[in-house]
Amino acid sequence: VFMTMLMLVFRSSLKERVHVLLEECDVRAYTEMPETIGAGQSGPAEGVSFYPGVNSVIMVAVDDIHADRVEAAVKAWCDEVLQRPGSLKPSLRIFSWPCRQLI
């Protein structure tokens with residue numbers, strides 16, 4: 001079965017919002033890796049006192065229709081946030097690649 005693998009990387013503080021977005025897109029099966037560390041455009045996420053944030057990663061294999069729904073929902077939410085005075089782009093990124101379920 002051919003699908004698309006989505007990897008959502010986001011500040012852990014956005015966890016509830018990301019879960020709502022996935023639910024609104026009818027995505028209910030996923031793997032979540034909480035409290036990951038790394039660095040990106042918005043700086044380090046290392047979970048120590050001088051870099052207080054940590055990231056979470058959600059991976060989900062979906063068909064193209066659901067991949068498009070998630071992409072559109074996240075883009076719409078990010079655009080909505082950016083409309084607020086003084087707001088910054090949310091620390092949320094989505095990556096995708098083709099995948100195939102083997103078993």
Side-chain angles (χ1 to χ4, degrees):
V1 176
F2 288 94
M3 296 177 281
T4 297
M5 179 64 70
L6 299 178
M7 181 173 74
L8 293 85
V9 181
F10 54 94
R11 289 283 192 226
S12 293
S13 60
L14 298 175
K15 178 181 175 174
E16 288 183 31
R17 185 64 190 136
V18 171
H19 282 223
V20 167
L21 288 168
L22 290 174
E23 187 174 314
E24 289 173 350
C25 294
D26 198 31
V27 173
R28 307 206 189 285
Y30 54 83
T31 298
E32 185 168 351
M33 294 162 270
E35 297 188 15
T36 59
I37 60 171
Q41 291 176 333
S42 59
E46 297 186 14
V48 293
S49 61
F50 49 93
Y51 296 128
V54 293
N55 286 336
S56 291
V57 175
I58 290 180
M59 296 186 73
V60 56
V62 292
D63 58 33
D64 289 342
I65 292 170
H66 286 86
D68 291 344
R69 284 183 193 167
V70 171
E71 179 185 4
V74 170
K75 282 183 178 177
W77 178 68
C78 287
D79 289 345
E80 175 190 321
V81 169
L82 287 172
Q83 296 302 315
R84 300 176 195 155
S87 293
L88 300 174
K89 183 176 181 181
S91 295
L92 167 59
R93 304 293 182 267
I94 303 176
F95 305 90
S96 72
W97 58 91
C99 74
R100 184 169 59 106
Q101 182 176 338
L102 300 176
I103 299 175

Item checked: Hphob cluster co-occupancy, Val60 + Leu92, side-chain heavy atoms under 4.5 angstrom -> yes
Notebook entry, point to check: Ignoring hydrogens and geometry, is there a side-chain-to-backbone donor-acceptor pair from Thr4 to Asp64 under 3.5 Å?
Noted result: no
For residues 95-103, tabulate all N or O donor-acceptor pairs below 3.5 Å that involve a side-chain atom, not counting sequence neighbours.
unit_1 : atom_1 : unit_2 : atom_2 : d
Gln101 : NE2    : Ile103 : O      : 3.0

Check: In this structure, are over 12 heavy atoms from other groups packed under 6.0 Å from Glu24 atom CD?
Finding: yes
Next item on the list: Check the pair Leu6 / Tyr30 against side chain to side chain contact (heavy atoms under 4.5 Å, CB included), numbers first and verdict last.
Entry: CA-CA 10 Å; Leu6 299 178; Tyr30 54 83; over 6 Å; no
Note to self: Can you give me the closest heavy-atom contact between Asn55 and Arg11, atom names plus distance?
What the structure shows: OD1-NH1, 3.3 Å
Check: If Ile, Leu, Val, Met, Phe, Trp and Tyr residues are connected whenever their side-chain heavy atoms lie under 4.5 Å apart, and connections chain through other members, are Met7 and Phe10 in the same group?
Finding: no
Margin query: Please report the interatomic distance CD1(Ile58) to CG(Leu21), rounded to the nearest 0.5 Å.
Written below: 10.0 Å
Pair up each side-chain donor or acceptor in residues 66-77 with any protein partner under 3.5 Å, not counting sequence neighbours, and list the distances.
unit_1 : atom_1 : unit_2 : atom_2 : d
His66  : ND1    : Asp63  : OD1    : 2.8
His66  : ND1    : Asp63  : OD2    : 3.3
His66  : NE2    : Arg69  : NH1    : 3.3
Glu71  : OE2    : Lys75  : NZ     : 2.9

Next item on the list: Each residue besides Leu82 in its hydrophobic cluster should be listed here, by chain and number; the cluster joins Ile, Leu, Val, Met, Phe, Trp and Tyr at side-chain heavy-atom distances under 4.5 Å.
Entry: none
Note to self: To the nearest 0.5 Å, what is the distance between OG on Ser87 and NZ on Lys89?
What the structure shows: 14.0 Å
Margin query: Using every non-hydrogen atom in the two residues, find where Thr36 and Ser56 come nearest and quote the distance to one decimal.
Written below: OG1-N, 3.8 Å
Checklist line | ILVMFWY cluster, Val54 and Leu14 together (side-chain gap under 4.5 Å) | finding: no
Check: Do you reckon Leu8 sits in the same ILVMFWY cluster as Val81, going by side-chain contacts under 4.5 Å, direct or chained?
Finding: yes
Checklist line | Closest heavy-atom pair and its distance - Met3, Val62 | finding: CB-O, 3.3 Å
